[in-house]
Amino acid sequence: MSDFSRRLLGWQAECGRHDLPWQVSDPYRVWLSEIMLQQTQVTTVIPYYERFLQRFPTVADLAAATQDDVLAHWSGLGYYSRARNLHAAAQMVMGHFGGTFPRTPAEIAELPGVGRSTAAAIAAFSFNTRSAILDGNVKRVLARWAGIEGFPGEKAIENRLWALAESLLPPNAADMPAYTQAQMDLGATVCTPRKPACLTCPLADDCRAKAEGCQLELPTPKPKKAIPERHTTMLLIRDAQGRLLLEKRPPTGIWGGLWCLPESTSTLQATARCQQLGLAVELDPALPDFVHVFTHFRLTITPQPATVSGATHAVHDDALRWFSTADALAAGIPTPLRKLLTAQT
DNA sequence: AATTCGGGGAG
DNA sequence: CTCCCAGAATT
């Protein structure tokens, strides 16, 4: 039997992070942090976490809010399905779970947006439950320590990692919060992807990767492939008062539920697109293209300003609305639009 | 099993 | 530039 967990706990007490704002036992706060931290680094999350919690102090407050309000406080953080699921899950806690946050990993995982690892983390931090997490940090630490080759996205590899993670849990449930934090902290500060600090690692003595000098080869990286290029024209349509026309995107897909500029396939189609919206416009010179990079494609955006010269019918419904610049910046909008509006001032 | 979801930190 | 982050849901 290895003293894996004991070494990790000792290291955590000495060198781990102890001042993160979500290091509390309130399951609502733990849950919120775990969702925000999915695929997102700590330094990015902190200001969003503080603002979100100030606006929605309890799960009841979140459940009672509108989706627009929730998305406005998520604006800029990305992966907006997290916010939509978080909102729906809050209403599920208030309804299905009667206002009491579920305690078991299985019940917690019933919440939309919460998978196996996130449910385990919430249970470990909030209720001292002996359930293993398997996030990017743990995958890297375990793949190196045990010398497990193969891309962790592959099911056989992931199953091995889960089994290993379960087998290494500390015997004492009271240690679960510190132990879970320890794995995350070790992966984030010592067993890093590019520059692992093996000299200070509490697991270095029996780390297979270190013994074989293959730390940088593990975990096996995801096979990469070229990402496609896309293009869109975004219409900056302003009325006589200088307000901007925004369109709410469909509930799923990219930027789902966010307020966005109306788009056309090209500047040549801009006038026709405005007509579809019920507007006669005068086009102004297009602004310079800029590129926005996603994980799975690159989007070149042509900003096309236009001024309303007449309307064929009332342009205003649940999904189409005029915003002052200040109101737009306070709404749930994607980052490229925020950059456009900030640059123009 | 592969794809779809953002945006940014850090080397 | 590249890699990847306290992943989950969908196809």
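Side chains are part of it too, since the values below use all heavy atoms of this structure and drop only hydrogens, waters and symmetry mates. This one's a predicted model, so the numbers in the text were calculated from it and none came from an experiment. Chain identifiers are assigned alphabetically (A, B, ...) following the order of the sequence lines, protein sequences preceding nucleic acid strands; residue numbering begins at 1 within each chain.
The existence of a salt bridge linking A:Arg243 and A:Asp327 is excluded, since no basic side-chain nitrogen approaches an acidic carboxylate oxygen closer than 4.0 Å. One finds a salt bridge joining A:Arg249 and A:Glu263 here, because a Lys/Arg side-chain nitrogen approaches an Asp/Glu carboxylate oxygen to under 4.0 Å. A:Arg238 has no carboxylate O lying under 4.0 Å from a charged side-chain N of A:Asp284, or vice versa, which leaves the two without a salt bridge. Ion pairing of A:Glu247 with A:Arg273 is present here, as a side-chain N (NZ or NE/NH1/NH2) and a carboxylate O approach within less than 4.0 Å.
For the pair A:Val59/A:Met94, a side-chain contact is recorded, criterion being any heavy-atom separation below 4.5 Å from C-beta on.
With P as the reference atom, B:dG6 and C:dC3 are 22 Å apart, rounded to whole Å. Between C:dA6 and B:dT3, the two C1' atoms lie 22 Å apart (nearest whole Å). Atom name C1', nucleotides B:dC5 and C:dC4: the rounded distance is 16 Å, in whole Å.
Proximity of a side-chain donor or acceptor of A:Arg144 to a complementary backbone N or O of A:Lys210 within less than 3.5 Å is not detected. In this structure, the side chain of A:Gln91 engages the main chain of A:Ala63 through a donor-acceptor pair within 3.5 Å.
A:Gln183 comes within 4.0 angstrom of nothing in the nucleic acid, heavy atoms only. Within 4.0 Å of A:Lys225, counting heavy atoms only, lie sugar-phosphate atoms of the nucleic acid but no base atom. Counting non-hydrogen atoms under 4.0 angstrom, A:Leu20 reaches a base of the nucleic acid. Base engagement by A:Arg17 is indicated by at least one non-hydrogen atom pair under 4.0 Å involving a base atom. At the heavy-atom level, A:Val45 lies nowhere under 4.0 Å from the strands shown. Among the protein residues, A:Trp74 comes within range of no part of the nucleic acid, since none of its heavy atoms lies under 4.0 Å from any strand.
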Once base and sugar-phosphate atoms are separated, protein heavy atoms under 4.0 Å mark nucleotides 6-11 of chain B, 5' to 3', with B, S and - as BBBB--
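When each of A:Pro193 and A:Ser117 is assigned the nucleotide of DNA chain C bearing its nearest heavy atom, the one mapping closer to the 5' terminus is A:Pro193.
Judged by the 6.0 Å and 45° rule, A:Arg6 forms no cation-pi pair with A:Phe4.
Chain A approaches DNA chain C over the interval C:dT2 to C:dA9, counting the first and last nucleotide 5' to 3' with an atom under 4.0 Å from its heavy atoms.
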Anything under 3.5 Å between a donor and an acceptor, one on a side chain of residues 18-25 of chain A, the other on a protein residue two or more places apart or in another chain? List them.
from    : atom 1 : to       : atom 2 : distance (Å)
A:His18 : ND1    : A:Gly16  : O      : 3.0
A:His18 : NE2    : A:Gln12  : O      : 3.2
A:Gln23 : OE1    : A:Asp19  : N      : 3.1
A:Gln23 : OE1    : A:Leu20  : N      : 3.0
A:Gln23 : NE2    : A:Arg17  : O      : 2.9
A:Gln23 : NE2    : A:Gln181 : OE1    : 3.2

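Computed from coordinates, the A:Arg230 CZ to B:dT3 P distance equals 13 Å when rounded to whole Å.
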